[in-house]
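Below you'll find the structure, written out as structure tokens, and then a few comments.
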Amino acid sequence: MKEETREEIYKKYEELVYGKEEAERLDKEFREYLDSIPKTKISQRRKSGPITISAPMDFGRSILKITSTPKEWENLYKRFLANPERFAWDFYYEVMDPVLKEIGKKTGRGIHGEGQDKFTNDIKRIAVWLYQYVSYQLKMPDNERAKIFNFALFALEKKGYSIFSVSPHRKSKRYNSKNITTALMENKYQIERRKYGIKVWDDPDYFYEKYILAYPRYKEVKEDFVKMTREKDDEASYPPIPLRDILNIK
């Protein structure tokens, strides 16, 4: 007996639920809808020249057009194969984010064309990852920490940020994860923070409660960070932006 295809099984199911006539009408409408969606177009004027793709996104609700050289297309493909999730984040923050910010400048709609709620949610997602990274680095001896992290600590101290916790029982200073995370976020996003009328982030305990612990996926991010620190762990998700963008203090 010939095995039925998935399409044949689904067709029988529709006829059972809606009746044969109504099922045929729904199937016809759906096929007409699929035909109405713009098709992907690829063009290349010269054999070795740039390749342009015009592709429908979100069932044709928007059209994305990208032009790049064959070599760069190959590099993008390799990046995708290496880590699909990180590729998606990189595409957002390296391609979409600058465009959306430019739109915000011209329309006066602010970051990403949205308001304070969107900004606050972005800060939560970034801060919770940054806090995990800072805590991880502080567990290491000074000479084993990432150079960019040690430089960031030096730069923050030079700028006058409070990044130490002082024990009431001894005079020695110790780096504090909450203080450092708060200082890094204030240093990076103070212009945007002021734009939305949010008070200065100078209280690490408040920042920790408001932006880090309040993030709905705090526990998941903590687990993902542990996965990320393991070698060749493909199950780990990644920070919403490259942390070096925050640590690279100018």
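One-based numbering along the sequence shown.
Using a 4.5 Å heavy-atom threshold, the side chains of W73 and I66 count as touching. D122 has its side chain within reach of K118: a pair of non-hydrogen atoms, C-beta onward, lies under 4.5 Å apart.
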Steps toward side chain to side chain contact (heavy atoms under 4.5 Å, CB included) verdict (Y218, Q132) | CA-CA 10 Å; Y218 174 81; Q132 301 305 322; 3.7 Å; yes

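Interatomic distance, CZ of R145 versus CG of L138, reported as 5.5 Å (0.5 Å rounding). Rounding to the nearest 0.5 Å places CZ of R174 at 13.0 Å from CG of N179. Expressed to the nearest 0.5 Å, how far NZ of K219 lies from CG of D224 amounts to 14.5 Å. To the nearest 0.5 angstrom, L130 atom CG is 5.0 Å from T181 atom OG1. Rounded to the nearest 0.5 Å, atoms CE (M185) and CD (E192) are 10.0 Å apart.
Using a cut-off of 4.0 Å between Lys/Arg side-chain N and Asp/Glu carboxylate O, D245 and K188 are scored as not salt-bridged.
Residues passing the side chain to side chain donor-acceptor pair (under 3.5 Å) test with T52 are T67, sequence neighbours excluded. Legend: residues meeting side-chain contact (heavy atoms from CB on, under 4.5 Å) with E144, ordered by chain and number and at least two apart, are M140, P141. D205 pairs by the salt bridge (Lys or Arg N to Asp or Glu O under 4.0 Å) definition with K178, not counting sequence neighbours. A search for side-chain contact (heavy atoms from CB on, under 4.5 Å) contacts involving I198 returns Q116, F119, T120, R193, Y196, W201, Y211, not counting sequence neighbours. Here F80 pairs with P84, F87 under the side-chain contact (heavy atoms from CB on, under 4.5 Å) rule; sequence neighbours left out. K210 meets the side-chain contact (heavy atoms from CB on, under 4.5 Å) test with Y206; sequence neighbours excluded. Remark: F164 engages Y175 in a ring-ring contact (aromatic ring centres under 6.0 Å, His included) (not counting sequence neighbours). Partners of E72 according to the side chain to side chain donor-acceptor pair (under 3.5 Å) rule, which considers only residues two or more places apart in sequence or in another chain, do not exist here. For E22, the salt bridge (Lys or Arg N to Asp or Glu O under 4.0 Å) partners two or more places apart in sequence, or in a different chain, are R25. D27 meets the side chain to side chain donor-acceptor pair (under 3.5 Å) test with R31; sequence neighbours excluded.
Tested against L213, the residues Y208, Y131, F207 include a single side chain to side chain contact (heavy atoms under 4.5 Å, CB included) partner, Y208.
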Show me the donor-acceptor pairs, under 3.5 Å and distance only, between side chains in residues 40-51 and residues at least two apart or in other chains.
| unit_1 | atom_1 | unit_2 | atom_2 | d |
| --- | --- | --- | --- | --- |
| Q44 | NE2 | R46 | O | 3.2 |
| Q44 | NE2 | K47 | O | 2.8 |
| Q44 | NE2 | G49 | O | 2.9 |

Atom pairs and distances, side-chain donor-acceptor, residues 146-163, under 3.5 Å, sequence neighbours left out:
| unit_1 | atom_1 | unit_2 | atom_2 | d |
| --- | --- | --- | --- | --- |
| N150 | ND2 | D142 | O | 3.0 |
| K159 | NZ | N187 | OD1 | 2.9 |
| K159 | NZ | K250 | O | 3.3 |

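The backbone N or O of R244 sits nowhere less than 3.5 Å from a side-chain atom of N248 that would complete a donor-acceptor pair.
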